[in-house]
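Right, one structure below, let's go through it.
In this chain, numbering begins with 1 at the start of the sequence shown. All of these numbers come straight from a predicted model, not from anything done at the bench. Whatever order the structure lists them in is the order used to number ligands and atoms, beginning at 1.
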Amino acid sequence: MEGEDRRSRILQFRVGNNSSAENGYTRVLLQLFGYMGHGKSTFINSCIYTLGNGAYEMRARGSQSDETHTTARLAYRLTDCITIVDNRGYNKMEDNETGVMYAQLGHFLPLNQEVEWEKDFLKILSKVEESDVTPNYSDFIVPIYVHSVKNNMTEEEFSYVKEFFKNCRDMTGVYPIVVLTNKLSGPYSHLEGKFKEIGAEQVYAIENYTEDDHIKTRGRCDDMQAIIENALKDVKFRLEQPRDPVKERIERKKFVLKFAYQFSVAKKEEEAAKKEKARLKEKFDQMWFKRFPE
Ligand SMILES: Nc1nc2c(ncn2[C@@H]2O[C@H](COP(=O)(O)OP(=O)(O)OP(=O)(O)O)[C@@H](O)[C@H]2O)c(=O)[nH]1
Ligand SMILES: [Mg+2]
């Protein structure tokens with residue numbers, strides 16, 4: 001049975017067996033990202049459910065048991081070699097949020113910690129410096145962008161995501177895989193096409209298993225497993241390419257620090273311009289009041 005074959009191929013996947021080269025990788029991290037509430041945690045629960053034999057469980061959810069929004073970057077083991085990682089969802093997808101994603105993909109932030117949308121360059125620099133103590137050369141990260149078909153995106157957002165995806169590719173060596181959730185909510189071919197237009201090489205539409213609706217069917221299991229298996233194909237392909245871990249890490253570090261620096265300078269300039277505008281308005285109001293007192 002094709003579905004069973006796929007499941008066993010995933011369960012038996014070993015990073016070390018896939019390349020004749022000594023690449024040093026021992027684990028694959030499927031790193032989720034995307035807007036708040038689009039189904040990241042539910043996708044993790046669906047993947048665990050589809051690969052296992054047990055009952056449906058809501059293992060990934062909010063960071064605290066009484067919260068629904070995830071605020072930490074939490075790792076869930078799928079197999080001995082594959083871990084899927086939940087993430088805090090974006091509010092607006094701005095540079096301070098995407099900058100954190102670059103730091104995650106560059107292996108500069110540890111797993112299982114709260115995600116802060118850091119705006120201060122010195123704090124980012126200090127976190128990146130801390131990661132130098134035990135540099136991570138053994139995890140291969142595949143970025144997975146989760147987006148609900150219930151939400152459309154503007155042309156402006158797509159153009160931002162295009163640049164964002166390209167940077168994610170430069171950080172990891174693979175284009176983010178796009179997972180469209182809630183596929184039964186309405187037509188999604190437009191979104192599928194748009195994501196391909198901006199560079200996504202793999203786009204999948206799925207209906208996640210949820211607490212209320214989790215009868216296992218072959219098609220639904222196959223949809224989830226196809227995403228995982230194709231992520232592993234990307235990994236295998238990259239493992240055949242030559243690797244210089246130290247040099248690549250330096251390049252990633254330069255990119256993350258330059259991005260954070262430019263962002264924090266732009267933010268400071270924006271704040272200074274706002275202050276100046278407020279100061280000029282106050283001065284104008286005072287002059288106006290002097291000439292035309294009430
Ligand atoms: N019907 C259906 N519901 C879904 C699907 N994916 C997610 N949901 C529901 O959408 C809601 C939000 O899903 P979450 O998995 O918490 O979303 P998230 O991206 O983790 O959200 P944050 O942690 O806030 O970033 C939950 O009520 C899920 O049950 C889907 O494919 N189909
Ligand atoms: Mg979540």
Val15/Phe140 under side chain to side chain contact (heavy atoms under 4.5 Å, CB included): CA gap, chis, key distance, verdict | CA-CA 9 Å; Val15 188; Phe140 188 106; 5.6 Å; no
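- Aromatic ring centres of Phe165 and Tyr145: separated by under 6.0 Å.
- Side-chain rings of Phe33 and Phe164 approach one another, their centers coming within less than 6.0 Å.
- In terms of N/O distances under 3.5 Å, ligand 1 is not approached by Lys183.
- For a threshold of 3.5 Å applied to N or O pairs, the pair formed by Met36 and ligand 1 contains no separation below that value.
- The atoms of ligand 1 that sit less than 4.0 Å from any heavy atom of His69 are 22 (P), 23 (O), 24 (O).
- Electrostatic pairing of Arg279 and Glu276 counts as a salt bridge here, judged by a charged N lying under 4.0 Å from a carboxylate O.
- Counting heavy atoms from C-beta outward, Arg59 and Ile44 have side chains that stay 4.5 Å or more apart.
- If you look at His214 and Tyr209, their ring centroids are not closer than 6.0 Å.
- Between Thr181 and ligand 1, not a single N/O pair is under 3.5 Å apart.
- Counting all heavy atoms, side chain and backbone alike, Tyr35 lies closest to Met93 at CE1-CE, 3.6 Å.
- Here is the list of ligand 1 atoms found below 4.0 Å of a heavy atom in Gly89: 25 (O).
- Donor-acceptor pairing under 3.5 Å is recorded for the side chains of Ser46 and Asn208.
- For the residues Leu180, Leu32, Thr42, Thr68, the heavy atom positioned nearest atom 7 (C) of ligand 1 is part of Thr42.
- On a distance-only criterion, Asp86 and ligand 1 share no N/O pair closer than 3.5 Å.
- Note: His147 and Phe195 meet the aromatic proximity criterion, with ring centroids under 6.0 Å apart.
- Here Thr70 contributes OG1 and Ser41 contributes OG, and at the Mg ion (ligand 2) these two atoms make an angle of 90°, given to 10°.
- At a heavy-atom distance under 4.0 Å, only backbone atoms of His38 (N, CA, C or O) approach ligand 1.
- Only the side chain of Thr210 comes within contact range of ligand 1, with a heavy atom under 4.0 Å; no backbone atom does.
- Residue-to-ligand polar distances place Gly37 within reach of ligand 1: an N/O pair is separated by less than 3.5 Å.
- For ligand 1, the polar-atom distance check finds no N/O of Arg88 at less than 3.5 Å from any of the ligand's N/O atoms.
- Distances from atom 23 (O) of ligand 1 to the heavy atoms of Asn87, Leu184, Thr71, Thr70 put Thr70 nearest.
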